[in-house]
Amino acid sequence: YSQDSQATLEARPAAGWVFAGWEADLTGTTPQRTLLMNADRAVVARFNYPKENWRAAYFTAEELADPAISGDAAAPGPLGVSNLMSYLSGRDPRSHTPFNMAPEIRDDTVYSRYTRNTGSEGATLVAEASTDLINWTVPVSEQIIAETDGVETVEVSLPRQSRARVFLRLHAIPEAP
């Protein structure tokens, strides 16, 4: 854009997604905005994928009426993964692909990967580590290594140091109201 020109931006969500707002050099929740290009600009459009829309994509009307099939705690797939964890990880609830955080050790560091729905509402997934399966306070580093269709792949790293053993888990953390 030339100096002092106007750029018109429009946020267009994919099917099932909802525009949540602008970040960086634009703010607000109006999907179409005009921005004065009088300097270098950075703009981020944020989108959410409401749980109701995720459910509607994977369950029939009859199944939606039955919380034993479509409720958060239900696990309709063959692997026993709850619907809440499937939603937060951007997975098909009936997936036959293992929900896997298999660790790998490289250069005295433990690495693991998981997927996370970038548009989830109400909660998010975080990786946690423990040396005793009671206290989940060992710090881990997370790095987003890929993102496709609203699902990011997160790599977790944790220095082994002098730990004889370390355990990793995914935890659904509710968002603050």
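Start at 1 with the first residue, then count along the sequence.
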Self-check item: With sequence neighbours excluded, residues passing side-chain hydrogen bond (donor to acceptor under 3.5 Å, both in side chains) with Glu10
Solution: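 Scan of Glu10 (side-chain hydrogen bond (donor to acceptor under 3.5 Å, both in side chains), adjacent residues dropped) gives Arg12.
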Quiz item: Excluding sequence neighbours, so at least two apart, what forms side-chain hydrogen bond (donor to acceptor under 3.5 Å, both in side chains) with Ser141?
Solution: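 So Ser141 forms no side-chain hydrogen bond (donor to acceptor under 3.5 Å, both in side chains) with any residue.
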Quiz prompt | Value rounded to 0.5 Å, distance of OG in Ser130 from CG in Asp132 | solution =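 That separation rounds to 4.0 Å.
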Quiz item: OH/Tyr49 to OH/Tyr87 distance, rounded to the nearest 0.5 angstrom?
Solution: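 Tyr49 atom OH to Tyr87 atom OH measures 8.5 Å (nearest 0.5 Å).
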Quiz item: Ring centres of Trp17 and Phe47 under 6.0 Å apart?
Solution: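 Ring centres of Phe47 and Trp17 not closer than 6.0 Å.
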Quiz prompt | salt bridge (Lys or Arg N to Asp or Glu O under 4.0 Å) involving Asp92 - partner list, sequence neighbours excluded | solution =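 Checked Asp92 against salt bridge (Lys or Arg N to Asp or Glu O under 4.0 Å); zero matches.
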Quiz item: Who passes salt bridge (Lys or Arg N to Asp or Glu O under 4.0 Å) against Glu121, sequence neighbours left out?
Solution: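 None.
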Quiz prompt | Val156, Val140, Ile105 screened by side-chain contact (heavy atoms from CB on, under 4.5 Å) with Val110, the one that passes | solution =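 The single option meeting the side-chain contact (heavy atoms from CB on, under 4.5 Å) with Val110 is Ile105.
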Exercise. Not counting sequence neighbours, list each pair that qualifies as a salt bridge (charged side-chain N to carboxylate O under 4.0 Å, His left out) and has a residue in residues 142-158.
Key: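 Matches after skipping sequence neighbours: Arg106-Glu155, Arg113-Glu155, Arg116-Glu142, Arg116-Glu152.
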Exercise. Enumerate the residue pairs fulfilling salt bridge (charged side-chain N to carboxylate O under 4.0 Å, His left out) with a member in residues 15-39, sequence neighbours excluded, ordered by first and then second residue.
Key: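 For residues 15-39: Glu23-Arg46.
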Quiz item: Does the distance from a Lys or Arg side-chain N to an Asp or Glu carboxylate O, for Asp72 and Lys51, drop under 4.0 Å?
Solution: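 Lys51 and Asp72: salt-bridged.
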Given 3.5 Å as the limit, does a donor-acceptor pair link the side chain of [X] with the main chain of [Y], or not?
| X | Y | result |
| --- | --- | --- |
| Asp66 | Ala68 | yes |
| Asn117 | Gly90 | no |
| Thr115 | Ser89 | yes |
| Ser95 | Arg91 | no |
| Ser5 | Tyr1 | no |

Quiz item: Stepwise, does the side chain to side chain donor-acceptor pair (under 3.5 Å) test hold for Asp107 with Thr109?
Solution: CA-CA 5 Å; Asp107 301 326; Thr109 300; over 6 Å; no
Exercise. Kindly assign one of parallel, tilted or perpendicular to the pair Phe59 and Trp54, based on the angle between their ring planes and the thresholds 30° and 60°.
Key: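 If you compare the ring of Phe59 with that of Trp54, the planes turn out perpendicular.
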